[in-house]
**Student:** 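The structure under discussion is supplied below as structure tokens; questions concerning it will follow.
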Amino acid sequence: MKWKRTHTCGELRASHVGETVVLTGWVNRQRDHGGLTFVDVRDRYGLTQVVAEAAASDLQRRLGELRGEYVIAVRGVVRRRPQEMINPNLGTGEIELLCDDLDVLARSNTPPFPIDSDREPSEELKFRFRYLELRRPSLQRNMLLRHKAVLAARRTLDALEFIEIETPLLIKTTPEGARDYVVPSRIYPGKFYALPQSPQIYKQVLMVSGFDRYFQIARCLRDEDLRADRQPEFTQIDLEMSFVTPEEVFAVTEATVAAMCEAVGHERPVTPFPRLTYDEAMARYGIDKPDVRFGLELEEVGAHFQGTTFNAFRAVLEAGGSIQLLRAPGGAGLSRKKIDGLTEAAKQAGGRGLAWCKIEPDGAASGGISRFLRAEEMQALQRGGAEPGDLLLFVADAPRTAREVCGAVRLALAEELQVQRAPGLHFAWVHRFPVFEPADTPTGWAPSHHMFTMPEPESRARIESDPGSVYGQLYDLVCNGVELGSGSVRIHDPALQRRIMRQIGLQEEEIERKFGFLLQALEYGAPPHGGIALGLDRLVMLLAGGTSLRDVIAFPKTQRAASPMDGSPSQISPEQLRELGLQLLPGVTEQDGVEER
RNA sequence: GGGGACGUAGUUCAGUUUUGGUUAGAACGCCGGCCUGUCAAGCCGGAGGUCGCGGGUUCAAGUCCCGUCGUCCCCGCCA
């Protein structure tokens, strides 16, 4: 390099007029007018117009030879643009650089897609040329936003006396949960490490060690199928505190999240965040991660139908089921086809169907199940707020199913009606979850979150006798219907921990083999502790206004968990396999679908 | 594991169904020329195609059928 850069491409203003400066960057666009050539130089800070005039004809010829994405250094004098040539869309639009010399630092092939364009290339291309995709303004912005958010989190947690400690990536495989990514051991042929699904056990051990406020920006890996909001490797802001109640975890989390919002230019959210219990969330929204930006809340209307002659409702009520009502104001205008679409949503959510009727201008019910509705039932519904023009949707089923199905219909209905959502980010806590949920395990129960959650004291006696009624000190942070994080107060009593493990069907031998080290640690003075893990990628996605984690992760994987840029995953050599004591099953090499490039 | 959408020039797409039919188009980009105030510069000219890949039906396939690969969305899965 002939010169050192003196300013960035987003920096120069009218106040710099007259200074001789050096800019470096990529050629964004070049406009050759014959006797006058403009080159826009771009770096991550902005764009500056460089100009050469006929007076310096050789230089102008060299500028004219520049092509898109060439990397250059330009030296020149900052000059004010003529008044009518000021570009108000550009931070540097008041000035331009009158070039006196140029150094081409690197040439570039014609890029496979334009960097400076709103037109979206195919996902395939963007993956293959991820480094060029990252050069585009939207991802430049998102990466910067992510950096600022993480920095704000670190600063906040540091100020609150948290210390950042790294935990291992090569750990022991644990049962339960997601499928592990596994790493073969060379030194112990036939044995494997697992990559962590979260630093859960390590952070609990750190509490035993006396690091009473720990955090980590932790990479987590889960070998499960991908979604727009799910990558196989993702990042959590993982934190754990000793001697705490959920309230203190809430306060720390709120402070951290609020600081992150503020750091990236969002309004600081009002704290404390609203809270609702799991039961309340299920009763009002039919889901444990409610989108509270709009109403359309569920209503239990079983009581209205005690004497119903409508068989579908009567059978459900007699079996102890529930009837959930979703009232869609103005929904009477929905076509039969749209209502069928909602019924489809109900079925997809595990429901048997959707009962509905419309309220006519005169207050009478029409369509759907209207002919089964008796006068007193209609009156009860009207007292409950049903008005002319409404569409009433009913889900009758076992209580839990009825709510879940109705919750799914609620979301579909909001889409269908294009219900106005409150703008901005709406955080909320959902807490007091059941510890166990019915599952296909030897005991019929699995942890609803994870097995380290402290059951509420009053319900501990029922762990064995009535697991479904055991509530835990468990909490989720949700935002705009997205689950952002989840945490709990943990069990620090080894005996209680063993009871929970047995209740989810772990055998004594298994407990010792897989969790013996944790249980042993708990025998040596384990403080009461609790914490939370926040999905950093999802939070940043919301802050950035993106719709996919690919928008906020520099090098994400495709839906099939591959990285087309570098070609991972890839085969390993026979030597590597031999060294690890591994042999591939016949046929697996042919199944390798990753295209060589 | 299952359901759906997409794949045509360097890129984004039209053409594919209704109807298989001569030489597959557009815009942007690229290459060359002209041009002293552009900033999505303009004007003139040019090059550029394995219609993802393989097979089949047909006198004839971008178009119909089967398979396969890739990308995306969803279900299952994700303590």
**Student:** Could you go through nucleotides 12-17 of chain B and list every protein N or O atom that sits under 3.5 Å from one of its N or O atoms, giving the distance for each pair?
**Tutor:**
residue, atom, partner, partner atom, Å
U12(B), OP1, Ser122(A), N, 2.5

**Student:** Classify the ring geometry between Phe433(A) and Tyr278(A) as parallel (under 30°), tilted (30 to 60°) or perpendicular (over 60°).
**Tutor:** tilted
**Student:** Among side-chain atoms of Arg31(A) and Gln49(A), is any donor-acceptor pair under 3.5 angstrom?
**Tutor:** yes
**Student:** Quick one: CD on Gln497(A) to CD1 on Ile491(A), what's the gap to the nearest 0.5 Å?
**Tutor:**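 Here the rounded value is 4.0 Å.
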**Student:** Would you say the base of C39(B) and the side-chain of Asp40(A) have a donor-acceptor pair closer than 3.5 Å?
**Tutor:** no
**Student:** If you restrict it to nitrogen or oxygen atoms, what contacts under 3.5 Å exist between nucleotides 1-7 of chain B and the protein, and what is each distance?
**Tutor:**
none

**Student:** Give one of base, sugar-phosphate or nothing for Ala446(A), where a contact means two heavy atoms less than 4.0 Å apart.
**Tutor:**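 If one applies the 4.0 Å heavy-atom cut-off, Ala446(A) turns out to touch nothing in the nucleic acid.
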**Student:** Between U38(B) and Arg81(A), counting only base atoms on the nucleotide and side-chain atoms on the residue, is there a donor-acceptor pair under 3.5 Å?
**Tutor:** yes
**Student:** Using a cut-off of 4.0 Å on non-hydrogen atoms, how would the nucleic acid contact of Ser198(A) be classed: base, sugar-phosphate, or nothing?
**Tutor:** base
**Student:** Reckon Phe127(A) touches a base, only the sugar-phosphate, or nothing at all at heavy-atom distances under 4.0 Å?
**Tutor:** sugar-phosphate
**Student:** With a 4.0 Å cut-off on heavy atoms, is Arg490(A) in touch with a base, just the backbone sugar-phosphate, or nothing at all?
**Tutor:** nothing
**Student:** Give me the ring orientation class for His450(A) and Phe452(A): parallel if the planes are under 30° apart, tilted from 30 to 60°, perpendicular past 60°.
**Tutor:** tilted
**Student:** Can a donor-acceptor pair under 3.5 Å be found between the side-chain atoms of Arg222(A) and the base atoms of C78(B)?
**Tutor:** no
**Student:** On a whole-Å scale, what distance lies between the P atoms belonging to U71(B) and G15(B)?
**Tutor:** 26 Å
**Student:** How far, in whole Å, is A40(B) from A26(B) if one measures between their P atoms?
**Tutor:**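 Taking atom P in both A26(B) and A40(B), they lie 25 Å apart.
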**Student:** Classify the side chain of Arg128(A) versus the base of G10(B) as yes if they form a donor-acceptor pair under 3.5 Å and no if they do not.
**Tutor:** no
**Student:** Quick one: does Asp476(A)'s side chain have a donor or acceptor within less than 3.5 Å of a partner on Val478(A)'s backbone?
**Tutor:** no
**Student:** Is there a stack between His33(A) and G37(B), judged by ring centres under 5.5 Å and planes under 30°?
**Tutor:** no
**Student:** With heavy atoms under 4.0 Å as the rule, sort Met451(A) into base, sugar-phosphate or nothing.
**Tutor:**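 Here Met451(A) touches no strand at all.
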**Student:** If we call it a pair only when both distances are under 3.5 Å in a Watson-Crick or G-U wobble match, what pairs with G67(B)?
**Tutor:** C53(B)
**Student:** Going by the rule side chain to side chain donor-acceptor pair (under 3.5 Å), which residues pair with Asp223(A) if we only count those two or more places apart in sequence or in a different chain?
**Tutor:** none
**Student:** Roughly how many Å apart are C13(B) and G52(B), using the P atom of each and rounding to a whole number?
**Tutor:**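 Nearest-Å result for G52(B) against C13(B) at atom P: 14 Å.
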**Student:** Below 3.5 Å, does any donor atom in the side chain of Arg550(A) face an acceptor in the base of C72(B), or the other way round?
**Tutor:**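 When only heavy-atom distances are counted, Arg550(A) does not reach the base of C72(B) through any donor-acceptor pair under 3.5 Å.
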**Student:** Side-chain polar contacts of residues 403-414 of chain A - donor-acceptor pairs under 3.5 angstrom, sequence neighbours left out - could you list them?
**Tutor:**
residue, atom, partner, partner atom, Å
Glu404(A), OE2, Arg400(A), NE, 3.3
Arg410(A), NE, Gly295(A), O, 3.0
Arg410(A), NE, Leu296(A), O, 3.1
Arg410(A), NH2, Asp291(A), O, 2.9
Arg410(A), NH2, Phe294(A), O, 2.9
Arg410(A), NH2, Gly295(A), O, 2.9

**Student:** Tell me, please, which residues at least two apart from Arg219(A) pass salt bridge (Lys or Arg N to Asp or Glu O under 4.0 Å).
**Tutor:**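 Arg219(A) satisfies salt bridge (Lys or Arg N to Asp or Glu O under 4.0 Å) with Glu233(A) once adjacent residues are dropped.
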**Student:** I'd like the P distance from A24(B) over to A9(B), given in whole Å.
**Tutor:** 14 Å
**Student:** So, is the end of the Arg432(A) side chain (NZ or CZ) under 6.0 Å from the ring centre of Tyr471(A) and within 45° of the ring's axis?
**Tutor:**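 Judged by the rule (NZ or CZ under 6.0 Å from the ring centre, within 45° of its axis), Arg432(A) counts as positioned above Tyr471(A).
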**Student:** Using distance alone, with no hydrogens and no angle criterion, decide if Thr343(A) and Asp340(A) have a side-chain donor and acceptor under 3.5 Å apart.
**Tutor:** no
**Student:** Could you list by number each residue of residues 108-116 of chain A showing a heavy-atom separation from RNA chain B of less than 4.0 Å, or answer none if no residue does?
**Tutor:**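 Listed by number, they are Thr110(A), Pro112(A).
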**Student:** Please measure how far the P atom in G48(B) lies from the corresponding atom in C43(B), and state the result in whole Å.
**Tutor:**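 Result for the P pair: 24 Å, nearest Å.
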**Student:** For Asp32(A) and Thr37(A), which I'm curious about, is there any donor-acceptor pair between the side chains at under 3.5 Å?
**Tutor:** yes
**Student:** Give the rounded distance in Å between these two atoms: CD1 of Ile86(A) and P of U38(B).
**Tutor:**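 It works out to 14 Å between those atoms.
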**Student:** Would you mind classifying the nucleic acid contact of Glu96(A) as base, sugar-phosphate or nothing, using non-hydrogen atoms under 4.0 angstrom?
**Tutor:** base
**Student:** Determine the interatomic distance between P on G4(B) and the same-named atom on C51(B); round to the nearest Å.
**Tutor:**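 Their P atoms lie roughly 27 Å apart.
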